Colleague: 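The structure under discussion is supplied below as structure tokens; questions concerning it will follow.
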Amino acid sequence: PPSAPADPAAPPPRALGPPPQGSVGASPRAEGRPSAACPEQEECSVSADTVLAPLRAALDACRATVQKQVCNDIGRRLTVLEDAWAQGKLSAPVRKRMSLLVQELQQQHWDAADEIHRSLMVDHVNEVSQWMVGVKRLIAETRDLPTRE
């Protein structure tokens, strides 16, 4: 827009990639994490397997302690994520943030993974609503696993 006042109540522009976590002038690729190493032009190169393999491994780790019905629901939602990814229905910012979320999950940074999940739900609800509930549950169940290696 030609004249966009800095109104704190106004929603951030959506076409510019992920909104900054903190200040308005923050770079979208910085996101306050050193793990955001991949430059913006490489966002599209995040493979589905890079994200889905660790999520499925986390689900497998939960199967021993989590109810079968819960695991099956998470598995179904991961399949919805996989299908959306394969069909090109996920934008580059969603793919990039899911890659970051998986990295945080693998490093057992539960709060950081949860924060990325929340930001995706707020900023890209139409894209992620079908499957993000499963990812959220997976974060919670993985956090509660008895093994602390």
Side-chain angles (χ1 to χ4, degrees), residues 10-149:
R14 296 287 186 234
L16 300 176
Q21 296 287 335
S23 68
V24 175
S27 163
R29 59 182 254 213
E31 292 196 22
R33 295 207 187 11
S35 59
C38 114
E40 285 180 36
Q41 61 267 32
E42 292 179 21
E43 278 182 4
C44 297
S45 69
V46 176
S47 75
D49 198 49
T50 304
V51 170
L52 285 156
L55 291 175
R56 294 205 185 279
L59 176 58
D60 288 343
C62 291
R63 289 198 186 273
T65 56
V66 180
Q67 288 180 358
K68 183 179 179 185
Q69 184 179 350
V70 171
C71 290
N72 289 345
D73 181 63
I74 293 171
R76 276 193 300 275
R77 291 178 188 277
L78 292 181
T79 301
V80 172
L81 165 60
E82 184 175 21
D83 292 346
W85 200 303
Q87 295 166 15
K89 292 181 178 177
L90 300 182
S91 64
V94 169
R95 295 192 305 268
K96 175 91 186 289
R97 283 203 236 174
M98 280 306 296
S99 173
L100 293 172
L101 187 151
V102 165
Q103 289 173 34
E104 299 294 4
L105 193 63
Q106 289 174 311
Q107 295 169 27
Q108 299 184 353
H109 297 159
W110 314 122
D111 292 339
D114 219 29
E115 184 182 319
I116 295 169
H117 144 265
R118 273 195 300 277
S119 75
L120 280 163
M121 284 300 289
V122 169
D123 301 331
H124 302 279
V125 67
N126 292 333
E127 258 180 277
V128 307
S129 61
Q130 294 292 307
W131 48 266
M132 188 54 84
V133 176
V135 173
K136 175 186 168 65
R137 186 68 187 262
L138 189 56
I139 294 168
E141 296 298 349
T142 306
R143 178 187 294 217
D144 291 343
L145 283 177
T147 54
R148 295 279 172 176
E149 297 174 18

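Heavy-atom basis, side chains included; hydrogens, waters and symmetry copies ignored. Being a predicted model, the structure only gives us computed values, none of them experimental.
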Colleague: Begin from the C-alpha positions of Leu55 and Ile74 and carry the test side chain to side chain contact (heavy atoms under 4.5 Å, CB included) through to its verdict.
Modeller: CA-CA 10 Å; Leu55 291 175; Ile74 293 171; over 6 Å; no

Colleague: Could you walk me through whether Asp111 and Arg143 pass the side chain to side chain contact (heavy atoms under 4.5 Å, CB included) check?
Modeller: CA-CA 10 Å; Asp111 292 339; Arg143 178 187 294 217; 3.2 Å; yes

Colleague: CD1 of Ile116 to NE2 of His109: how many Å apart, nearest 0.5 Å?
Modeller: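 Reported value, rounded in 0.5 Å steps: 11.0 Å.
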
Colleague: Between Leu81 and Met98, is the side chain to side chain contact (heavy atoms under 4.5 Å, CB included) condition met? List the steps.
Modeller: CA-CA 10 Å; Leu81 165 60; Met98 280 306 296; 4.2 Å; yes

Colleague: Can you find a heavy atom in the side chain of Leu105 that is under 4.5 Å from one in the side chain of Pro54?
Modeller: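 Result no, sub-4.5 Å side-chain heavy-atom pair not found.
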
Colleague: Give, for atom OG of Ser119 and atom CG of Asp114, the distance between the pair rounded to the nearest 0.5 Å.
Modeller: 10.5 Å

Colleague: Looking at every heavy atom in both Thr142 and Ala58, which two are closest together, and how far apart are they?
Modeller: OG1-CB, 3.9 Å

Colleague: Going from CH2 on Trp131 to CG on Leu90, what distance comes out if it is rounded to the nearest 0.5 angstrom?
Modeller: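 Here the interatomic distance stands at 6.0 Å.
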
Colleague: May I ask you to decide whether Asp60 forms a salt bridge with Arg56, counting only side-chain N to carboxylate O separations under 4.0 Å?
Modeller: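 Here Asp60 does not pair with Arg56 in a salt bridge, since their nearest N and O are not under 4.0 Å apart.
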
Colleague: Might you work through the side chain to side chain contact (heavy atoms under 4.5 Å, CB included) test for Val128 and Val135, ending with a clear yes or no?
Modeller: CA-CA 10 Å; Val128 307; Val135 173; over 6 Å; no

Colleague: Where do Asp123 and Arg97 land on the salt bridge (charged side-chain N to carboxylate O under 4.0 Å, His left out) test, with the steps shown first?
Modeller: CA-CA 11 Å; Asp123 301 331; Arg97 283 203 236 174; 3.1 Å; yes

Colleague: Do the side chains of Asp144 and Val66 get nearer than 4.5 Å, heavy atoms only?
Modeller: no

Colleague: If you round to the nearest 0.5 Å, how far is CZ of Arg118 from CG of Leu120?
Modeller: 11.5 Å

Colleague: Does atom CD of Gln130 have more than 12 heavy-atom neighbours from other groups under 6.0 Å away?
Modeller: no

Colleague: Please determine which of Val46, Val94, Val80, Asp49 meets the side-chain contact (heavy atoms from CB on, under 4.5 Å) test together with Trp85.
Modeller: Val46

Colleague: Main chain of Arg95, side chain of Ser99: is a donor-acceptor contact present, judged purely on distance under 3.5 Å?
Modeller: no

Colleague: Out of curiosity, Arg77 CZ to Asn72 CG, how far, rounded to the nearest 0.5 Å?
Modeller: 12.5 Å

Colleague: Counting only heavy atoms not in Gln69, do more than 12 fall under 6.0 Å of its CD?
Modeller: no

